[in-house]
Amino acid sequence: MAYTLPDLPYAYDALEPHIDEQTMRLHHDIHHKGYVTGLNTTLEKMAKARESGDFAGMDALSKDLAFHGSGHALHTIFWENMGPNGGGPATGDIAAQIDKDFGSFDAFKAHFTAASNQVKGSGWGILGWHKEFGKLMIIQAQLHNDMTVHGITPLLVLDVWEHAYYLKYQNKRPAYTDAFFNVINWDDVNARFKAAQA
Ligand code: MN3
């Protein structure tokens with residue numbers, strides 16, 4: 001049972017002018033698909049290793065699983081975190097929790113964009129709920145999988161790999177992370193927050 005690339009929940013041009021159509025096509029159809037394929041290939045190779053009893057490649061395969069599995073998971077969240085009618089300040093329960101854990105929405109936004117802008121090379125800015133700690137946290141991911149806090153559930157994720165913004169924003173990552181706040185679907189973030197607390 002292989003994993004498949006989920007369709008975008010809106011048209012490729014739905015996030016214009018903040019995220020351009022060509023970037024969305026390449027990002028979803030080529031890059032995300034690559035992680036889905038990589039995840040399936042890695043799981044097949046792991047199954048073959050168990051069948052044959054030859055576990056010599058398990059270090060590399062484990063790294064591949066972390067990379068492609070996290071790539072597939074984060075991109076799936078990323079598409080759903082955005083929408084054509086999004087943007088504006090946080091709403092609902094997540095807004096209250098943001099105020100509690102970060103002081104204000106503006107302080108959260110400044111913290112989240114700084115963490116995202118300062119990712120060295122390819123990675124993500126991530127707002128997550130840590131159920132055991134009872135707290136929202138902002139973390140970075142290097143690539144897709146390095147530097148997590150184990151136990152955290154991603155609620156709002158921002159891809160800052162160059163493939164996510166370079167066609168439109170070139171080297172101006174801060175302009176892209178600022179534009180992201182015009183397309184955030186807070187209903188989706190709230191649904192994820194509710195599920196993560198259950
Ligand atoms: Mn990406």
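Hydrogens, waters and symmetry mates play no part in the numbers below; they use all other heavy atoms, side chains included. Note that ligands are numbered from 1 as they come in the structure, with each ligand's atoms numbered from 1 the same way.
When each of V189, I184, V183 is paired with N81, the side chain to side chain contact (heavy atoms under 4.5 Å, CB included) condition holds for V189 and for no other.
Among residue pairs with one or both ends in residues 45-61, those qualifying as side-chain hydrogen bond (donor to acceptor under 3.5 Å, both in side chains) are D59-K63; sequence neighbours excluded. Applying the side-chain hydrogen bond (donor to acceptor under 3.5 Å, both in side chains) definition to pairs two or more places apart or across chains, those involving residues 166-176 are Y165-R173.
Neighbouring protein atoms of the Mn ion (ligand 1) (N, O or S, distance under 2.8 Å, waters ignored): H27 NE2, H75 NE2, D159 OD2, H163 NE2.
Listed by chain and residue number, N145 satisfy the side-chain contact (heavy atoms from CB on, under 4.5 Å) test with A66 (two or more places apart in sequence, or in another chain).
There is a side-chain donor-acceptor pair under 3.5 Å between H32 and W79.
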Yes or no on ring-ring contact (aromatic ring centres under 6.0 Å, His included) for H144 and H72, after CA distance, side-chain angles and deciding distance? CA-CA 9 Å; H144 304 305; H72 176 37; over 10 Å; no
